[in-house]
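Reviewing the structure listed below.
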Protein chains: 2
Amino acid sequence: MTVLENAARLLKCFNSECTDLTVTDVTERLDIPKANASRLLKAMRGAGLLETIGDSKRHRPGRLLIDLGAAFRGSSTLIAMAGEVVKEVSDTCGHTGFVSIRVGNEVSGVVDFPGSNALRVAGTIGRPLPAHTTATGRSLLARLSDAEVVALLRDATFKVTPRSPGTIDEVLAMLTEVRACGFGASFQETTLGVDAVGIAVGDPKTGEEVSLCIVFPSQIVSDAERQAILTGLADGAADIAFKTGDTRFKKPDPARFPLKGLTSHD
Amino acid sequence: MTVLENAARLLKCFNSECTDLTVTDVTERLDIPKANASRLLKAMRGAGLLETIGDSKRHRPGRLLIDLGAAFRGSSTLIAMAGEVVKEVSDTCGHTGFVSIRVGNEVSGVVDFPGSNALRVAGTIGRPLPAHTTATGRSLLARLSDAEVVALLRDATFKVTPRSPGTIDEVLAMLTEVRACGFGASFQETTLGVDAVGIAVGDPKTGEEVSLCIVFPSQIVSDAERQAILTGLADGAADIAFKTGDTRFKKPDPARFPLKGLTSHD
DNA sequence: TCACAAGTTGCAAAAAATGGAACAATTATG
DNA sequence: CATAATTGTTCCATTTTTTGCAACTTGTGA
């Protein structure tokens, strides 16, 4: 096990839930002798990969790492284009929007736009979620074949919340629907009271795929507003698909736009 | 030189200008034999610290790194509070806002809010800037003593743009003014046509300091709007200073709010 | 003050990184 | 299309780092 691998494993421990680590934390999480944890932390601190919070023993990611997200976003014109579309829609409707990518069976937000409504869903960056339990995740999974999805979800956990799918077959059924509709939707699935829509689009030249997503409170958003949101995302995504030459993209069908409360889980 | 140090040096090369690196780039930038550059890249790729773009030889930060910014932000209540204030002001005025921190003589944005006006300043995350040439940077530098500033700027470059300060003395004079006013301002200094205001606030418990900043187009923003922006930031910052017990904070003086075109460099 | 947990350091063995040069692959050029 | 030029990878013995254990130090709370 090289230092680099341990360093990477350590960095993976951080997310919006776990924002700092001590020697003991690292000892447990990476399952290494505490001597090594101590030295790893010291080395990473020396390199600027970590920093201590105040003068406590708690470590957080070093400041040099905070610019990296920008480099990642900047390296992808697909993400930039998707961000613009989502920002536009988010500004118009006032709800929180984000662009996310899939890594294995997880989706991570890469850009987010917090929304301006008083009642808005909090930002979702920095907390990878299972792909099969989210609108945005399913919009991305729907671009794979059923066989690939089955392989990906081999050791996934189902029914993580009361409204999330309970079996692989249920997921596959949902994906069939996503492929037919052209978008993913979720109704109070990941978070109670929160609905979401996601549309995926890719760039065949780089192999990248992103999902454009808007999340909003279930109760207060009318059907008309839902349609407006979806139309906005769909138009923007279609535009991107045209530019990148994404042939797998299917323009969402307005006739199937999700209505308030439309869900197979009610 | 440990791998970790090289890895960190490599990651430092990324910013919003330089979003991907090849073996040759790394060889030159880190001044190491290309054999090592090749192996470093491979090791970092293996650890997930980097990934290739498509199947090219170009590398960008790995996806595991994009969540780290969120962990950093989450580890600091100061950043969270500052973000809320800036978001509020940015939403109200429609201009781009961000929260930044100082590292040595550089400032990096940690959260940004792109603004909703048609004519807005683009996001500023991921591109560290010299502290002494920006409103936000000077608002942070002003919290140091002149001696500390002199030490920090020992090998800084001056006059990086026509309107940026030309000597250390000029910087010190500007900082004196910042300390008197309670805020930093810049007029078409870093970018032509762009003005900015920044207010710094700290948390004595953790030693952290952040700056709340709004950037806007010089031409179209009236005096009244400038005052509104500054009042918004100032009220929010004062609130934060009260909560953290920051005694070094000085509430900006409305009488000295910057007027359109008010600048010693005109 | 003591006990206990958390973190750090010394040491020899084991593993990984280094740099030079040969080799392979890719890209540009006539 | 062949050749040159550029870019990236692999081989090797040597040097350096990392590892795991245990002893040690520091800090915390009863």
Side-chain angles (χ1 to χ4, degrees), chain A residues 1-14 17-62 64-65 71-72 75 77 203-208, chain B residues 1-14 17-62 64-65 71 75 204-207:
Chain A
M1 187 72 59
T2 73
V3 221
L4 222 49
E5 279 164 0
N6 277 330
R9 289 206 296 150
L10 189 155
L11 291 176
K12 271 188 201 131
C13 296
F14 289 114
E17 315 273 282
C18 170
T19 60
D20 58 69
L21 294 168
T22 64
V23 170
T24 320
D25 293 335
V26 173
T27 303
E28 289 165 3
R29 295 224 186 196
L30 304 198
D31 190 36
I32 56 177
K34 69 176 171 175
N36 291 1
S38 171
R39 285 181 288 222
L40 178 61
L41 246 20
K42 189 204 272 194
M44 291 180 71
R45 224 185 308 137
L49 259 18
L50 295 178
E51 63 182 33
T52 54
I53 300 183
D55 43 12
S56 71
K57 306 279 185 192
R58 299 182 308 135
H59 294 70
R60 68 175 164 204
L64 89 86
L65 295 174
F72 186 90
S75 74
T77 54
D203 181 346
K205 288 182 290 298
T206 64
E208 294 172 305
Chain B
M1 186 72 59
T2 73
V3 221
L4 221 51
E5 279 162 3
N6 277 330
R9 290 206 295 149
L10 190 156
L11 290 177
K12 272 188 200 128
C13 295
F14 288 114
E17 315 273 283
C18 170
T19 59
D20 58 69
L21 294 168
T22 63
V23 170
T24 320
D25 293 335
V26 174
T27 302
E28 289 166 3
R29 294 222 187 200
L30 305 196
D31 191 34
I32 57 176
K34 68 177 173 174
N36 292 359
S38 172
R39 285 180 290 222
L40 178 61
L41 246 19
K42 189 205 272 195
M44 291 180 73
R45 223 186 308 139
L49 259 19
L50 294 179
E51 63 183 33
T52 54
I53 301 183
D55 43 12
S56 70
K57 306 281 183 191
R58 299 182 308 136
H59 294 71
R60 66 175 165 204
L64 89 85
L65 295 174
S75 74
K205 287 183 290 299
T206 64

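FYI, side chains are in, hydrogens and waters are out, and symmetry mates aren't considered; it's all heavy atoms of this structure. Chain A is the first sequence line, chain B the second, and so forth, proteins listed ahead of strands; every chain is numbered from 1.
- A/T27 is linked by a side-chain hydrogen bond (donor to acceptor under 3.5 Å, both in side chains) to nothing, counting only residues two or more places apart in sequence or in another chain.
- For DNA chain C, the contact window with chain A, defined by any atom under 4.0 Å from a protein heavy atom, covers C/dA6 to C/dA16 in 5' to 3' order.
- Not counting sequence neighbours, the partners of A/A71 by the side-chain contact (heavy atoms from CB on, under 4.5 Å) test are B/F14, B/P61.
- Think of the region where chain A sits on DNA chain D: with heavy atoms and a 4.0 Å cut, that region ends 5' and 3' at D/dT18 to D/dA22.
- Note on residues 4-13 of chain A: no pairs pass salt bridge (charged side-chain N to carboxylate O under 4.0 Å, His left out), not counting sequence neighbours.
- Rounded to 10°, the helix from C/dT1-D/dA30 to C/dG30-D/dC1 has 50° between the axis fitted to its first five pairs and the one fitted to its last five.
- A search for side-chain contact (heavy atoms from CB on, under 4.5 Å) contacts involving A/A8 returns B/A47, B/L49, B/L64, not counting sequence neighbours.
- A heavy atom closer than 4.0 Å to some atom of DNA chain D occurs in B/R39, B/K42, B/K57, these being the qualifying members of residues 39-60 of chain B.
- Looking at residues 21-32 of chain B, you'll see B/T22, B/V23, B/T24 sit with a heavy atom under 4.0 Å from some atom of DNA chain D.
- Legend: residues meeting side-chain contact (heavy atoms from CB on, under 4.5 Å) with B/K205, ordered by chain and number and at least two apart, are B/D203, B/T244.
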Return all side-chain donor-acceptor pairs below 3.5 angstrom for residues 50-58 of chain A, not counting sequence neighbours, or 'none' if the list is empty.
| unit_1 | atom_1 | unit_2 | atom_2 | d |
| --- | --- | --- | --- | --- |
| A/E51 | OE1 | A/R63 | NE | 3.1 |
| A/E51 | OE2 | A/R60 | NE | 2.8 |
| A/E51 | OE2 | A/R60 | NH2 | 3.1 |
| A/E51 | OE2 | A/R63 | NE | 3.4 |
| A/T52 | OG1 | A/G54 | O | 3.4 |
| A/S56 | OG | A/I53 | O | 2.7 |
| A/S56 | OG | A/R58 | N | 3.2 |
| A/R58 | NH1 | A/D20 | OD1 | 3.4 |
| A/R58 | NH1 | A/D20 | OD2 | 2.8 |

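- For the side chain to side chain donor-acceptor pair (under 3.5 Å) condition, the pairs that include at least one residue of residues 29-38 of chain B, sequence neighbours left out, are B/N36-B/R39.
- B/D25 contributes a side-chain N or O that, together with a main-chain N or O of B/T22, makes up a donor-acceptor pair within less than 3.5 Å.
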